[in-house]
Each structure stands twice: as structure tokens, then as C-alpha cells.
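Here is the structure we will look at, set down as C-alpha cells.
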Amino acid sequence: MEAAEAAIAHSLAELTGTVRIATYQTAFLDLVSDLLTDMGRAYPRLRIEVVQDEPQSALPRMTAHEFDRVIVEEFPHHPLSQDPGIDYQELMKDRLRIALPADAKVTPDAVWDHVAGRPWAVGPPGAASREWIHMSCREAGFEPDIRYTTADLLVQRQLVADGHAVAVLPDLLGPVSGPGITLLDFPGGPQYRKIMTATHRDAMGHPTVQACRNALALACDRRRKPPTSLRTRPASTCAASNSAR
């Protein structure tokens, strides 16, 4: 049915109908706003609906045809479910950094020793970000003291700025606004999450799906410019290849 709908859509002179997208917070705050602007200008008769939902719940909902496309994140050593009916395409790599209160006196080679004794703010149980943080801390030889649980990275950032916690924040969250935060790379080298799109494989040829993909790729391309913040941070790196995974 999806393949037939794609064939019909290609025969139309103008894109119409409804595209339903699920995305998580940071992509909603940054990439989706550009998507809505560009798609609204190019396809004024196309309705785009966006729901904030975490990947672990949004992907099953897409399989149940509640969504046409899902923006997902993949953390190191935590691959997404390889459902043969889902096509994943990488959009960009987003750098992850350890966020500490600004008054933290720590050198890059002593980061783990410092954060091992501090409270952490992390995502909810089952979130890939939380599992990855747990894994990273255990590999460093300690269990994180998780006191604050929230999927809202803006809340996590505020807890860090107010001196209550440490957290892992992505560059896509945007510039650090105001004093209070020090951002440090992970010991041993930079770490990244992959930002990807997930779509029903049979719907990949649909022109609305392709248009959304192109708009998201353009939004990613705009992120090549380094953000302005209190501390210099390299911008997230767009994927060099758009090939399906």
C-alpha cells in the first residue's frame, strides 16, 4: 500500500496530504524548526505534524503506522533495532561532552575522578543515553550517583549550571546561555551520537518522505558553522554519506 501511495504521489503536480514525524527534544528544538520553515515555503499545501517522543517508543509506533518518519539517535555501542522493514539514514554526528559546574577545578586527564564523586542528571530508565552513560562510567571504574532523572536536557543543563549535578550534553542542544557550565570532552577522545532518520522501507520512494529527508539534510548542513558560546566548541559534523544503513 505504501509503495502504491508513493507512485500516486509522484504523479501529482504538488505535494499535499499529511506527514507525521516523531522526534526527540534536541532535534525538535533545532533541526525541526528549520524543516518546518523550508517545507512550508516549498510545499504550502503539505501538512506536517510533529510529536515529541523518545526513539525507544517512537519506533514501535512508526511500525504501527502512527508516524511516517522518526528522527532517532544512536549512541556508541548501542545500535538501533535492525528491523528489516525500517530504513535508517544518517544525518549527522553530534558531539557529546561532559558538563560540569563552572566552579569545577578539574583538568582534562582527571575528569573521571572528579565526576565520580558528584551527583548525575540523566535520562529515564530504558533511554539509550542513560545506558551509555552507565556503561562509560563503569568502564572508568565507578557507578554514577544518579540523583536526577529527566529526559529534558534543558532541565539537565540548568541543574549543572546551578551546581547540583553533572550531565552529558550534546552540541545540538545549542550554545551555553549564561555562566555556570564547563564543557569537557570525554577522556580518551571525543564521543559522538549519530542523528538518523527512520522510515518504512516501502515508503522511501514517496516524494514527501524524500522532501523531508532533503530538508533535514539542509538543516544539518547549516550546523557546520561553529556555535557561539562561552567556550569554543567544534560544530557537529554532518554525515559525508547519505547511504542507507
Side-chain angles (χ1 to χ4, degrees), residues 19-43 46 48-59 62 67-76 80 88-99 121-124 127-129 132 150-161 167-178 180-181 183 185 190-199 209 211-240 242:
V19 178
R20 298 157 298 177
I21 300 173
T23 185
Y24 55 94
Q25 185 189 34
T26 46
F28 207 153
L29 287 169
D30 197 304
L31 300 176
V32 171
S33 182
D34 279 6
L35 165 74
L36 297 176
T37 298
D38 293 340
M39 294 290 285
R41 289 172 180 165
Y43 311 106
L46 183 66
I48 300 178
E49 298 177 357
V50 187
V51 174
Q52 182 175 331
D53 197 1
E54 294 301 307
Q56 63 266 27
S57 59
L59 285 172
M62 187 185 73
F67 302 123
D68 301 300
R69 173 161 287 223
V70 179
I71 303 174
V72 297
E73 58 184 351
E74 184 178 75
F75 285 81
L80 293 165
Y88 293 106
Q89 292 188 329
E90 184 178 323
L91 283 172
M92 61 189 292
K93 289 182 173 67
D94 191 23
R95 197 163 186 165
L96 301 164
R97 304 177 194 264
I98 298 174
V122 302
S129 58
W132 179 70
T150 174
D152 191 330
L153 290 180
L154 297 176
V155 173
Q156 291 188 25
R157 185 169 71 180
Q158 192 61 50
L159 286 168
V160 175
V168 174
L169 300 179
D171 278 6
L172 193 62
L173 187 61
V176 176
S177 56
I181 294 180
L183 296 174
D185 275 321
Q191 296 290 320
Y192 299 85
R193 64 174 177 173
K194 292 180 182 178
I195 296 178
M196 310 168 74
T197 58
T199 311
V209 171
C212 286
R213 161 69 192 179
N214 293 338
L216 284 169
L218 181 60
C220 167
D221 190 59
R222 294 188 182 115
R223 299 306 173 271
R224 294 187 182 208
K225 295 181 179 179
T228 302
S229 68
L230 295 180
R231 293 176 178 269
T232 302
R233 302 181 299 170
S236 300
T237 306
C238 291
N242 293 332

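Residue Asn214 holds its CG atom at 10.5 Å from CG of Leu35, rounded to the nearest 0.5 Å. Of the inter-residue distances, the one linking Cys212 atom SG with Leu46 atom CG reads 6.5 Å to the nearest 0.5 angstrom. The CD atom of Glu73 lies 11.5 Å from the CE atom of Met196; values are rounded to the nearest 0.5 Å. Here Leu31 contributes atom CG and Thr26 contributes atom OG1; the two are 8.0 Å apart, rounded to the nearest 0.5 Å. Rounded to the nearest 0.5 angstrom, Asp53 CG and Met62 CE are separated by 12.0 Å. With values rounded to the nearest 0.5 angstrom, Glu90 atom CD is found 9.0 Å from Cys220 atom SG.
Here the side chain of Asp171 pairs no donor or acceptor atom with the backbone of Asp94 at under 3.5 angstrom. Formation of a donor-acceptor pair under 3.5 Å by the Glu74 side chain with backbone atoms of Leu80 is found in this model. Looking only at distances, a side-chain donor or acceptor of Gln156 sits under 3.5 Å from a matching main-chain atom of Thr150.
Residues Ile21 and Val32 fail the side-chain proximity criterion, which asks for heavy atoms closer than 4.5 Å. The closest side-chain heavy-atom distance from Asp185 to Gln191 is not below 4.5 Å. Looking at Asp34 and Leu218, their side chains never come closer than 4.5 Å, going by heavy atoms from C-beta outward. Side-chain contact check for Leu154 versus Leu29: some heavy-atom pair is nearer than 4.5 Å. Counting heavy atoms from C-beta on, the side chains of Leu172 and Met92 come closer than 4.5 Å. Residues Thr199 and Arg69 form a side-chain contact, since some pair of their non-hydrogen atoms from C-beta on lies under 4.5 Å apart. Arg20 places none of its side-chain heavy atoms less than 4.5 Å from the side chain of Val51.
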Decide yes or no on side chain to side chain contact (heavy atoms under 4.5 Å, CB included) for Val168 and Val122, but give the supporting numbers first. CA-CA 8 Å; Val168 174; Val122 302; over 6 Å; no
For side chain to side chain contact (heavy atoms under 4.5 Å, CB included), just list the numbers for Arg193 and Trp132, CA-CA rounded to whole Å, side-chain angles, deciding distance to a tenth of an Å, and then say yes or no. CA-CA 10 Å; Arg193 64 174 177 173; Trp132 179 70; over 6 Å; no
Would Tyr24 and Leu153 count as a side chain to side chain contact (heavy atoms under 4.5 Å, CB included) if you check the C-alpha gap in whole Å, the side-chain angles of each, and the deciding distance to 0.1 Å? CA-CA 10 Å; Tyr24 55 94; Leu153 290 180; over 6 Å; no
CA sep, side-chain torsions, deciding dist, call: Leu36, Val50, side chain to side chain contact (heavy atoms under 4.5 Å, CB included): CA-CA 10 Å; Leu36 297 176; Val50 187; 4.2 Å; yes
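Taking both residues in full, the closest heavy atoms of Ala58 and Phe67 are given as O-CD1, 3.8 Å, listed atom of the first, atom of the second, then distance. A pairwise comparison of heavy atoms in Ala99 and Leu183 identifies CB-CD2, 3.7 Å as the closest pair. Nearest heavy-atom pair across Met39 and Ala211 is SD-O, 3.6 Å.
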